[in-house]
Amino acid sequence: MHSFTIGKNDAGQRLDKFLSKALPALPKSMLYKAIRTKKIKRNGKRCTIDERLEENDLLTLYIKDDFFPAPAAAEPPDFFNASLNLDVIYEDPHILLVYKPPGLLCHSDGRHFGDTLVDRVRLYLYHRKAYLPAEENSFAPALCNRLDRNTEGLVLAAKDAASLRFFNEKLKTREVEKYYRCLVWGMPQPPQGLLTHYLIKDGDVNTVRVYNQEKKNSKQILTEYRRIPNPAIEKSGRCLLEIRLLTGRSHQIRAQLAHIGHPLCGDSKYGGGQGGYCLCAYQLVFSFSDPPDMFAYLNHQRFTLPLPSNLTDFTY
């Protein structure tokens, strides 16, 4: 027999979702059968797949040892190999706002392990005793939004499960507004507007294709832009844009601006030339319609990152 005591970061999950994370080696068919045949009990009683767990619940499992992870003493987690270099812009008991530099992955891409942005966040919290993996059944601090590898800027991280669920939902409903600044070739007309297109990702070559009309397997992308007047750069055939993302797809800003004939300067993948592209996620605005009390203090807060030199120094 094995057991799990449900902690605050496990509470609120469906029983089957929690067990799928806590026991990744257990096939779902066996999991569902064990629940049906009362080999998994909640507080000593029969339970169902879709029950919502509560803090301090006791789950008892009469399942073979093979499906349970080895004792923790084995190998240290991957994030122990991460760099301690983490620029924290804002922190409170529930969230972190951190700066992601260009070149750093948000998550592992299957080839790079141990020093991604999420690894650095977990290591930072581990050293402050705000994240103790041995005390968690299924939760680890996570990023709520992500940026492409060579895009820099603000990333929001959740320190607990309730915060992760809340901010993931608010990002979907556009109640977390994301603003970018970028340098592009040409002068988009009109000076401000809403771009509406459709995107298909090609994972084999890590690029996307943008279309004016909906295609099979495409996803709609919505981007607001506004030209920021700056004669010093406009005379060189470039301009500075402020972007507000209304959807958040891979390469959305880069591919969509290239599609309308104004690629990011230095974005070799989408026709903007060489040198590294100029794109910074510089601002997040929280505009919640119905925040619970635990997040009311964040409502209407605006967090702004100083712009990097490639978007402020136009002497080159």
Side-chain angles (χ1 to χ4, degrees), residues 89-90 97 99-100 102 144-148 150-156 170-199 208 210-212 219-267 269-273 275-289 298-316:
I89 307 302
Y90 170 82
L97 279 172
Y99 167 70
K100 187 194 88 67
C144 303
N145 64 308
R146 62 174 293 279
L147 300 175
D148 291 340
N150 291 314
T151 300
E152 60 188 296
L154 284 172
V155 174
L156 172 64
K170 294 307 178 186
L171 282 159
K172 287 180 185 175
T173 57
R174 303 176 191 169
E175 295 174 60
V176 177
E177 300 175 44
K178 299 176 286 185
Y179 291 89
Y180 293 69
R181 291 281 176 94
C182 61
L183 200 62
V184 302
W185 291 107
M187 301 281 286
Q189 298 291 344
Q192 64 182 58
L194 171 65
L195 303 177
T196 303
H197 295 100
Y198 296 87
L199 175 149
V208 302
V210 175
Y211 301 92
N212 293 332
K219 295 180 179 179
Q220 189 179 54
I221 49 175
L222 302 168
T223 305
E224 288 182 350
Y225 73 90
R226 177 176 66 89
R227 275 197 345 234
I228 301 172
N230 190 308
I233 61 166
E234 289 170 5
K235 66 182 181 182
S236 67
R238 300 171 295 172
C239 79
L240 184 63
L241 295 182
E242 179 171 89
I243 300 290
R244 180 183 175 222
L245 272 186
L246 301 182
T247 54
R249 310 294 185 192
S250 295
H251 299 191
Q252 176 175 324
I253 294 173
R254 300 164 57 194
Q256 198 168 24
L257 289 173
H259 180 72
I260 65 167
H262 301 286
L264 269 61
C265 299
D267 188 356
K269 184 167 283 190
Y270 292 102
Y277 57 80
C278 307
L279 179 62
C280 178
Y282 86 106
Q283 192 175 86
L284 287 175
V285 181
F286 299 144
S287 53
F288 310 138
S289 59
L298 285 170
N299 207 10
H300 308 303
Q301 294 293 314
R302 182 182 300 267
F303 296 92
T304 304
L305 187 71
L307 291 170
S309 60
N310 63 3
L311 286 171
T312 55
D313 179 8
F314 299 114
T315 58
Y316 60 90

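Computed over heavy atoms, backbone and side chain alike; hydrogens, waters and symmetry mates excluded. Everything numeric here is computed off the predicted structure, so don't read it as measured data.
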Atom OG of S289 and atom CG of N299: how far apart are they, to the nearest 0.5 Å? 8.5 Å
With a 4.5 Å heavy-atom cut-off, do L298 and F303 have their side chains touching? yes
Where the side chain of N230 meets the backbone of A232, is there a donor-acceptor pair that is under 3.5 Å apart? yes
Which atoms form the tightest heavy-atom contact between I243 and C182, and what is the distance? CG1-SG, 3.9 Å
Check against side-chain contact (heavy atoms from CB on, under 4.5 Å), T223 and L245: CA-CA 5 Å; T223 305; L245 272 186; 4.0 Å; yes
Could you tell me which non-hydrogen atom of E234 sits nearest to which non-hydrogen atom of C239, and how far apart they are? CG-CB, 4.3 Å
Distance, nearest 0.5 Å, that separates CG of L305 from CG of L154: 4.5 Å
Taking it one step at a time, do L194 and L246 satisfy side-chain contact (heavy atoms from CB on, under 4.5 Å)? CA-CA 10 Å; L194 171 65; L246 301 182; 3.8 Å; yes
Check whether Y277 reaches the backbone of T151 with its side chain - one donor and one acceptor, N or O, closer than 3.5 Å. yes
Is there a side-chain contact between R146 and S250 in this structure, where contact means two heavy atoms from C-beta onward sitting under 4.5 Å apart? yes
Could you pull out the closest heavy-atom pair between Y198 and I221, with the gap in Å? N-CG1, 4.1 Å
Which atom pair, heavy atoms only, marks the closest approach of Q256 to T196? NE2-N, 3.9 Å
Any side-chain heavy-atom pair of W185 and S236 under 4.5 Å: no
Walk me through it: do V176 and F288 pass the test side-chain contact (heavy atoms from CB on, under 4.5 Å)? CA-CA 7 Å; V176 177; F288 310 138; 4.1 Å; yes
Got a salt bridge between E152 and K100, using NZ or NE/NH1/NH2 to carboxylate O under 4.0 Å? no
Check for a donor-acceptor pair, side chain of R181 on one end and backbone N or O of L240 on the other, with a separation under 3.5 Å. no
Using a 3.5 Å distance criterion without hydrogens, assess whether the side chain of T247 forms a donor-acceptor pair with backbone atoms of L222. yes
side-chain contact (heavy atoms from CB on, under 4.5 Å) assessment of H197 paired with Q252: CA-CA 10 Å; H197 295 100; Q252 176 175 324; over 6 Å; no
Sub-4.5 Å side-chain heavy-atom contact between L257 and D267: no
I need the L195 CG to I260 CD1 distance, nearest 0.5 Å. 4.5 Å
Under 4.5 Å between any side-chain heavy atoms of R238 and V184, yes or no? no
Check: E177 side chain, R244 main-chain N or O, donor-acceptor pair, under 3.5 Å: no
Within 6.0 Å of NZ in K219, more than 12 heavy atoms from elsewhere: no
I'd like to check L199 versus H251 (side-chain heavy atoms, cut-off strictly below 4.5 Å). Are they in contact? no
In the structure I gave you, are the side-chain heavy atoms of H259 and N212 within less than 4.5 Å of one another anywhere? yes
Determine the minimum heavy-atom distance between R174 and S287, stating which atoms define it. O-OG, 4.5 Å
Compare every heavy atom of P102 with every heavy atom of N150, then report the nearest pair and how far apart it is. O-CB, 3.8 Å
Which value, rounded to the nearest 0.5 Å, describes the distance between I228 atom CD1 and I233 atom CD1? 8.5 Å
Nearest-0.5 Å distance that lies between atom CD1 in I89 and atom CG in L156: 12.5 Å
Donor-acceptor pair, side chain of R226 and main chain of Q192, under 3.5 angstrom: no
Minimum side-chain heavy-atom gap F286-K170 below 4.5 Å: no
Establish, yes or no, whether the cationic atom of R254 lies under 6.0 Å from the six-membered ring centre of Y270 and within 45° of the ring axis. no
